[in-house]
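In the text below, chain A, chain B and the rest are named by the order of the sequence lines, each starting its count at 1.
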Amino acid sequence: MADAVPRLTLGRLRLAVQLVMLFVTVYGGSLVGYYTAEKITGSLPALSCAYDKLNGAHCQLITTQHQLHHRVGEQIAQLGHFALNMVLPLAFSFLAFYLFFVVLNKAFCGWICPLGTVQELIYRLGRRLKRPFRNLSETAARRLRPVKWALLLGLVFALPVTAGLGVTPASTGDVFCQICPSRLATTLLTGDTEQIMVRSSDALVFVFGALANTLFGFVVVAALAARQPFCRICPLMALNAAFQRLSPMRLVKTESDKCEKCGICRQACPMDIPEIHHEHGRQAFAEDCTLCGRCAEYCPQDGVIQLKFGPLALFKSSRAYYKARFKGETPAGEAKPLRRMERPAAGTADA
Amino acid sequence: MDKLALLILTLCAAGADAAVRPPAGQPAPDCLAAEAAAFSTLPMLVPAGRGDRQGAPYCLANLRAEAVEVRNGAGGFAPPASVPVERAGFKVQAGKVGNYHWLQATEASQAGVVTASTAHYFSNPGPAPTAMLHLAKADLEIVPQPLPREHWRYRAGETWEFLIRFKGEPVRDMGVRLETSAGTQQVFRTDGEGVLRVTFPADVANEAPKGGHDHGRGGQNRFVLAVGLTDQDGRYYLTGFNHVYGAAADANRSLAAGLGFLALGGLVAVPLVVRRKENKNG
C-alpha cells in the first residue's frame, strides 16, 4: 500500500505556527492592548520591529543598540569609567532574551521571526509562479557566514557605543535598525508607509535609508527564487548562534554510512547548510541552522536526524515519513500536484 | 455659554499669569526662565530640563500652587503623592514601578479653580495607565484617550482624542482652546460624547535638534489645551493639559526616493528570478 501524505506534517505545523506568530509579532498589540503591547518584552530573539505600532513585542537588537548607545557609550563619555549601572540593564536585557531562548533556541528564526515567515511565503509564491530555484554552493554558504557576525559586531555593538562616545555621528546609534528590512516588512504589513520613506535630514541618514530600501527590494524579489536571502546575513542569527549550545533545544544527527551519497537533507535545508550533509554530532547543528526541521523531514533514514529538547525527541526522521512527505513536496519546496482520487463505486448510488 | 466660557478662560488665564510669578527676591532661576519662555497665558506644568530615569524637574506656569499631585498607574486608586512646590518648581521622582505619571497642580480661590496637568513617562515596569486616566482627578478635566506610548508622541497632522469631563460627566459641544509654542491658536469643539478630536497643526520645524539623537523624529513644539466653564453657582473652572508634539510623519522624508531605492534593489535581484534558457548542447 502506498504511503499516504500525513495530514499534519512538521512542515504544516511549522507553517501554522509561523502564521500565528506573524500575526502576534506584527499585529499583536491589537490583542494585548494599546499600552501593554510594548511592555511584553523588548528582548524577543526574533525580528519583531519596534517601529511597528501594532506589534506585540520588540526585537533584542533595538534594545541592545539603544542601551549600548545611551547607557554604555554616553556614560563612559561623561564619567570616564565603567560603572555597574551601565551594564546592568544590558545584562537584564540579555537575561530576558536568554529566558526566551532556553525554550526554543534558534527555532525563533525558523518558527517565529516575521521576516523569516515573509521570505518563506514569498518563496512559496515563487514556486507557484514557476520561478527558478537558486541555492548557494557549499563554498558560497560558508563564505557568506562571516557577514552576519560582522554586522552584529559592527552595526549592533560597536557603532552604537562609538555614537554614545561621540566618536561617530548620533545617527549611528541605531544603525542596524535603520537598514533592517524587517522594519520595512512589518510596518508595511500594517499599512504604514512611513518607514519606507527615505529620510533626508542628513547625508548619512539618507544613505542608511537608501541602503535599507535597496536591501529590502532585493530581498523581496530574490526570495522568489532563493530561500531566506536575508537570514544568511542577519545579525540576530549570529546573536542566536552565539547562545545556541546553551539551550536544551537542538538538532541532533547521528553518523550513518548512507549520508555521504544521499545529501537530500541539504537540498531540503533552506539555509543550504553543508554540515547537515557531511557532519554529524555537534558539528551538524551549524551556526546557520534555524531548527526548521526540514532536514529531519526529508532524511530517508530512520532516526538519523532528530529535533530534541533535552533527552526528549520531538521529531525524528523516518523512511515512511520521508516517502509520504516527498509525495507532497520536493526537498526544494516545489509543491507536487494533487492527484485526483476516484470515488469508490459503492455508496454513490444515492444520486 | 460657550463664548462666555472662552472669555472667562482668557480672562482667568491672564489673571493667573499675573498671580503666578514668585515673590521678588526669591526667584527660582530655572522656573523664572521656564515661565518667561512660556508661550501661553494658560496654566501649564513646564518641563525644566531633560530629566533622567530618576526624576524630572518641572515648573508651574500661569498658576500658583503649594503642591502638585502625582499619580502613576502602579498606585491604583490610592491617593496621589503630594510633591511640594518650591520656588515655583518641583521634581517628579521615579519610583521602582510605574511608568506613566499624571501630574496635576490646582489653584483654588473663592472665584474659581485653575488646574494644570500633564503626563510624564519613566522607563519603568508598570501597568497601563487606562485606570489612572479613567479615574476622576479634578472637577474639570482634559483626559487623553489614549496617551502616546513610550516611543511615540503626538505629531503634526495626526488627530488624537481627548475626553472633556466636568465632575465625572462628559462636557458636550464645548469649545476647547489649543495654543502651541509656534504661535498657532485654534478652537476645537467636543462632540455629543464629550470627545475632542485635535489635529495638531503643521507648524513644527523640520530640523532635528543639533547634535541630538532623535531617531528621525525631527523637532518638537509644546502645546496646551485649555477649557473653561462656569457652574450654576457662578464658580469658574479653567483646566489645561500641556505636552509636546513632533513633526509630521512625512517631514524630511521622501516616499519617491524610498520607492526608487526599493525598485533598484528589486532590479538587482531580477537576474535571480529570470529563468535562463537551457543550453541544448549541455
For [X], is it the side chain, the backbone, both or neither that has a heavy atom under 4.5 Å from a heavy atom of chain B?
| X | answer |
| --- | --- |
| A/Ala226 | neither |
| A/Ile196 | both |
| A/Phe206 | side chain |

Examine whether an atom of B/Pro129 lies under 4.5 Å from a heavy atom of chain A, and if so say whether it belongs to the side chain, the backbone or both; otherwise answer neither.
->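 Both the backbone and the side chain of B/Pro129 come within 4.5 Å of chain A.
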Can you see which heavy atom on [X] is nearest to which on [Y], and at what distance?
| X | Y | answer |
| --- | --- | --- |
| A/Ala222 | B/Ala269 | N-CB, 3.7 Å |
| B/Leu272 | A/Ala225 | O-CB, 3.4 Å |
| A/Val198 | B/Ala257 | CG2-C, 4.0 Å |
| A/Glu194 | B/Arg253 | O-NH1, 3.3 Å |

Option that, when pairs with chain A are counted at under 4.5 Å, heavy atom only, ranks first among B/Val270, B/Leu255, B/Leu147, B/Asp250 |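 Counting heavy-atom pairs under 4.5 Å, the top option is B/Leu147.
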Does a sphere of radius 6.0 Å around CZ in A/Arg143 hold more than 12 heavy atoms from other residues, nucleotides or ligands, not counting ones at 6.0 Å or beyond?
->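 At most 12 heavy atoms, drawn from other residues, nucleotides or ligands, come within 6.0 Å of this atom.
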If you draw a 6.0 Å radius around CD in B/Gln145, do more than 12 non-hydrogen atoms from other residues or ligands fall strictly inside?
->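 Atom CD in B/Gln145 is crowded, with more than 12 foreign heavy atoms closer than 6.0 Å.
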Report the residue from B/Val268, B/Leu267, B/Leu262, B/Leu264 that forms a side chain to side chain contact (heavy atoms under 4.5 Å, CB included) with A/Phe218.
->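 Single pass found, and it is B/Val268.
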